[in-house]
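Below: one structure, written as structure tokens.
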Amino acid sequence: MTESLRVTVDRQEGFAIVYTEGYINNQGGEEIAKVAYQLIDEGRKILLLNLHGTKIVNSIGISILIEIIEKMIEIDGKLGFCNLTATIAKTFEIMGLSQYAQIYPGEAEALAGLRSPA
Amino acid sequence: MTESLRVTVDRQEGFAIVYTEGYINNQGGEEIAKVAYQLIDEGRKILLLNLHGTKIVNSIGISILIEIIEKMIEIDGKLGFCNLTATIAKTFEIMGLSQYAQIYPGEAEALAGLRSPA
Amino acid sequence: MTGNAVLREVTLTLPMLPDMEVAASKTATAMAEYMQMTPDRIDEVRMAVIEACINAFEHSHAPDRKVYMTFEVLGGGEPELLRISVRDTGVGFEPGEREKPRIASKLKAENKRGWGLEIIQGLMDSVEIDSSTDGTTVVMSKRR
Amino acid sequence: MTGNAVLREVTLTLPMLPDMEVAASKTATAMAEYMQMTPDRIDEVRMAVIEACINAFEHSHAPDRKVYMTFEVLGGGEPELLRISVRDTGVGFEPGEREKPRIASKLKAENKRGWGLEIIQGLMDSVEIDSSTDGTTVVMSKRR
Ligand SMILES: Nc1ncnc2c1ncn2[C@@H]1O[C@H](COP(=O)(O)OP(=O)(O)O)[C@@H](O)[C@H]1O
Ligand SMILES: Nc1ncnc2c1ncn2[C@@H]1O[C@H](COP(=O)(O)OP(=O)(O)O)[C@@H](O)[C@H]1O
């Protein structure tokens, strides 16, 4: 039980935004990965995870996000995160995740940053 | 500890609205009563308690509200409540409070009802 | 058929001190959310838990100044019922002798209190009280 | 001077079952709110509690499948410190032998796990682990 993570996708030309709502635990992480791998299979190399509706995560969920980061590095793509709670941002910092995935405050900054050719 | 109830007052010609934010327990009820008696002393006979920021109450707090209702009956005034959570409204119903104090969904309906001469 | 296996059981022990009833109400919320009870019904459970705790705090005179709670999720496969027990080791009382409070008389009375058990009964689906000179246990349940 | 009297103590016992860590995190929230900790710091406590619980769930192999927690508010007069203990009666481990996880190597590794204790240490002010073949107790504290 406990309501499971809701994941919604906004497919755009060349990139996609994945929105989450709920707890990113084991199953929540798997849900996100399923969606992310599908988007990658569709040829997208730029993904933004907007965690606006996620107030809690656990380290099992985050380790599944690391798998997605690994995949993105492999395909030479870009993965960004936005709208993290202060604690989730701090946790990503503790783990050093921010060296391999961009963390942005909001969606506008994220899209500007991820779509720039740099 | 635990943050105490915040009570704010909007004094209008002939009536006043009392806004609460937080837990209406013993102390919270006393806070409201202090403000209500002051407004009555100032000559106001119509009071609206807008509980928009109150998600929990306890029966000790409510019994202090009953004292205010008693006082309003004595001075032939009117006391209304608005913006109650469904559970607070149900609790007032269980106690029969709604026979002696008007309960309105929002402020507009409350002001229309309380200020009508009926 | 309503299954009645205990799917989850959590126990909480609280000191009888101001505001600690709020901790109990949060634990109740967690269990009710786990069952996916609707927010309004969760809120009703919360209020009932607060009342049962403050009764123990105020009236039990328990020498250990503690409230012992269990939160059980019951069901046959799917969670169906939340059962909460609130126990103190205090002086007890006679639940059968309690008079149903009436607002009309409370308005005139000096003592306006006496609503806690009435509220608990109104908000929960079932309530049982077991009280003796060894203490009081209130067991209250609500379906999902 | 920091007083270290225990002002409030609440105990919680949880089954080692999915989602029960959320109940622990709510109890932690209640105690931290009681102390008027800031919302961001409350959130950090919540996350640390979740990690400590899932460690016990996953790794302890405790035969009773239970986690025993205490939440203590300490201070001299005013609440100053929240101390949370998470205990299991499982197989234990050697905390000293744990390697600090590194993201660069985890990215290449098959097993990307191993972050829980690192996160707990990063989010709390102090963490002590006492582990033996009788079980593990993690005691973690955060100032208001
Ligand atoms: N846990 C308890 N231990 C002893 N007496 C209790 C307990 N709970 C309730 N009572 C008795 O029942 C009465 C009615 O309780 P209640 O309906 O909650 O109203 P109130 O708490 O406002 O008096 C109390 O005044 C008290 O005498
Ligand atoms: N309560 C516990 N009982 C037994 N072993 C534990 C416990 N907590 C942690 N451990 C051991 O420490 C290791 C590191 O834990 P942690 O940093 O939380 O990462 P993870 O849980 O992802 O493995 C675990 O893999 C486990 O071997």
Side-chain angles (χ1 to χ4, degrees), chain A residues 1-5 22-33 36 51-79 81 83-103 105, chain D residues 14-26 28-29 32 37-59 86 98 100-125 127 138 142:
Chain A
M1 295 295 288
T2 294
E3 245 185 307
S4 50
L5 188 77
Y23 185 14
I24 303 183
N25 55 9
N26 205 347
Q27 298 97 286
E30 297 290 0
E31 280 300 313
I32 297 172
L51 306 189
H52 74 294
T54 287
K55 303 303 168 209
I56 49 176
V57 301
N58 71 26
S59 65
I60 312 182
I62 305 177
S63 61
I64 299 170
L65 301 182
I66 299 177
E67 289 173 20
I68 307 175
I69 297 176
E70 184 184 28
K71 185 81 189 166
M72 289 310 274
I73 294 174
E74 256 174 56
I75 64 161
D76 206 21
K78 285 196 217 171
L79 179 65
F81 289 91
N83 288 339
L84 309 181
T85 68
T87 301
I88 297 176
K90 186 167 176 175
T91 301
F92 282 14
E93 207 61 56
I94 291 168
M95 297 172 69
L97 263 188
S98 38
Q99 298 163 49
Y100 294 91
Q102 297 302 313
I103 292 164
Chain D
L14 291 178
M16 292 180 168
L17 288 170
D19 299 320
M20 287 297 103
E21 73 279 14
V22 180
S25 86
K26 296 244 182 193
T29 300
M37 206 181 267
T38 61
D40 278 351
R41 289 176 73 79
I42 292 177
D43 224 40
E44 292 172 9
V45 170
R46 236 157 51 114
M47 172 108 192
V49 163
I50 285 176
E51 292 301 321
C53 287
I54 60 178
N55 269 351
F57 292 8
E58 270 205 306
H59 304 302
V86 183
R98 181 180 71 95
K100 196 179 160 72
R102 302 262 171 220
I103 183 72
S105 21
K106 289 288 177 192
L107 273 168
K108 295 181 210 105
E110 187 60 42
N111 175 11
K112 309 214 180 302
R113 301 280 311 278
W115 296 100
L117 293 170
E118 191 71 13
I119 293 171
I120 294 171
Q121 271 155 358
L123 296 178
M124 299 296 281
D125 290 340
V127 181
V138 175
K142 200 170 178 88

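Just the heavy atoms: all of them, side chains too, but no hydrogens, waters or symmetry mates, feed the values below. Proteins get letters first, then strands, A, B, ... in listed order; numbering begins at 1 in each.
Within the 4.5 Å cutoff, side-chain heavy atoms of D:Glu21 are placed close to those of A:Tyr23. Residues A:Lys55 and D:Arg46 form a side-chain contact, since some pair of their non-hydrogen atoms from C-beta on lies under 4.5 Å apart. At least one side-chain heavy atom of A:Ile56 sits under 4.5 Å from a side-chain heavy atom of D:Ile50. The side-chain heavy atoms of D:Trp115 and A:Ile62, taken from C-beta on, include no pair separated by under 4.5 Å.
Considering CD1 of D:Ile120 and OG of A:Ser59, their distance stands at 8.0 Å, rounded to 0.5 Å. From D:Met47, atom CE reaches atom OG1 of A:Thr87 across 8.5 Å, with rounding to the nearest 0.5 Å.
For a residue to count as touching a neighbouring chain, one of its non-hydrogen atoms must lie under 4.5 Å from one of that chain's; by this rule D:Glu58 touches chain A with the side chain only. Heavy-atom distances place both the backbone and the side chain of A:Glu67 under 4.5 Å from chain D. A:Asn25 touches chain D through its side chain: at least one heavy atom from C-beta onward sits under 4.5 Å away, while N, CA, C and O do not. Contacts between A:Ile88 and chain D at a heavy-atom distance below 4.5 Å are absent for every atom of the residue. For A:Ile64, no part lies under 4.5 angstrom from a heavy atom of chain D. Using a 4.5 Å cut-off between heavy atoms, D:Arg102 makes no contact with chain A at all. With a 4.5 angstrom heavy-atom cutoff, D:Leu107 touches chain A via backbone and side-chain atoms both. If you measure heavy-atom distances from D:Leu123 to chain A, the contacts under 4.5 Å come from both the backbone and the side chain.
Put simply, of D:Glu51, D:Lys108, D:Gln121, the one with the most heavy-atom pairs under 4.5 Å next to chain A is D:Glu51.
Within the structure, every pair that satisfies the salt bridge (charged side-chain N to carboxylate O under 4.0 Å, His left out) test and touches residues 84-101 of chain A, not counting sequence neighbours, is listed here: A:Lys90-D:Glu44.
When every heavy atom of D:Ile103 is checked against every heavy atom of A:Gly96, the shortest pair comes out as CG2-O, 3.7 Å.
Checked by atom type and distance alone, the side chain of D:Glu118 never pairs as donor or acceptor with a backbone atom of A:Ile94 at under 3.5 Å.
Shown here are the ring pair (Phe, Tyr, Trp, His ring centres under 6.0 Å) partners of A:Phe81, two or more places apart in sequence or in another chain: A:Phe92.
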